[in-house]
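Note sheet for the following structure.
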Amino acid sequence: MAQQWAYKVAYIDTRGRISCEGLETLIGNERRSAFVRRYLSSLGREGWELVGIQPLTSTSAYYVFKRPAQEGDYSEPAPAAQQPQAEPSSGGPTIETA
């Protein structure tokens, strides 16, 4: 069986805010680089490896991490694929042409 991976995406603003999976972390009385390094080190201790950075602004980006899947990593079901709707969903009247 092929290796399965779990992914985590964190929004990091180096001015002092990190948001990941609904949890906000704000900078305390420390240097900006120490704040980000402390957060990244905590993820590393949990087995997360940084695999990508998507810059947003000069001070913020999405950081993408992965690790081999562990029990509990998939506790939330994946969203179902959207199926095209046969009916218009505008809520307005249906217009038929001859």
Side-chain angles (χ1 to χ4, degrees):
M1 184 163 110
Q3 174 68 53
Q4 292 189 350
W5 300 97
Y7 293 89
K8 180 182 288 278
V9 177
Y11 168 83
I12 298 179
D13 184 335
T14 57
R15 293 175 296 179
R17 178 174 166 252
I18 297 172
S19 178
C20 184
E21 299 175 355
L23 299 175
E24 299 285 328
T25 305
L26 302 176
I27 194 169
N29 187 21
E30 61 189 318
R31 294 180 184 268
R32 292 177 184 180
S33 59
F35 167 68
V36 174
R37 185 180 65 245
R38 183 172 49 85
Y39 181 78
L40 296 176
S41 292
S42 71
L43 292 179
R45 283 190 295 276
E46 295 174 8
W48 295 103
E49 177 183 357
L50 180 64
V51 295
I53 300 174
Q54 176 61 52
L56 299 170
T57 69
S58 63
T59 62
S60 66
Y62 286 116
Y63 287 62
V64 181
F65 302 86
K66 79 173 187 178
R67 72 176 178 194
Q70 300 175 1
E71 187 175 332
D73 280 340
Y74 299 115
S75 59
E76 296 179 20
Q82 293 277 338
Q83 297 294 325
Q85 294 181 350
E87 300 284 329
S89 60
S90 64
T94 302
I95 301 173
E96 296 183 12
T97 58

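Index from 1, following the sequence.
In this structure the side chain of Leu40 reaches within 4.5 angstrom of the side chain of Ile12, judged on heavy atoms. The shortest side-chain heavy-atom distance between Phe35 and Thr25 falls under the 4.5 Å cut-off. You'll find the side chain of Arg17 reaches within 4.5 Å of the side chain of Glu24, heavy atoms only. Leu43 places none of its side-chain heavy atoms less than 4.5 Å from the side chain of Tyr63.
Within a 6.0 Å sphere centred on OH of Tyr62, other residues, nucleotides and ligands contribute 12 heavy atoms or fewer.
The structure places CD of Gln4 at 13.5 Å from CZ of Arg67, a figure rounded to the nearest 0.5 Å. Note: Trp5 CH2 to Phe65 CZ = 15.0 Å, rounded to the nearest 0.5 Å. With rounding to the nearest 0.5 angstrom, the OH atom of Tyr39 is 3.5 Å from the SG atom of Cys20. The distance from the CZ atom of Arg32 to the CD1 atom of Ile27 is 7.0 Å, given to the nearest 0.5 Å. The distance from the CD1 atom of Ile18 to the OG atom of Ser60 is 12.0 Å, given to the nearest 0.5 Å.
In this structure, Tyr7 is not a member of the same hydrophobic cluster as Ile53, with clusters built from ILVMFWY side-chain heavy atoms closer than 4.5 Å.
A salt bridge links Lys8 with Glu21; the closest basic N to acidic carboxylate O contact falls under 4.0 Å.
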How far apart are the C-alpha atoms of Arg38 and Ser41, what are their side-chain angles, what is the distance that settles it, and do they pass the side chain to side chain contact (heavy atoms under 4.5 Å, CB included) test?
-> CA-CA 5 Å; Arg38 183 172 49 85; Ser41 292; 5.8 Å; no
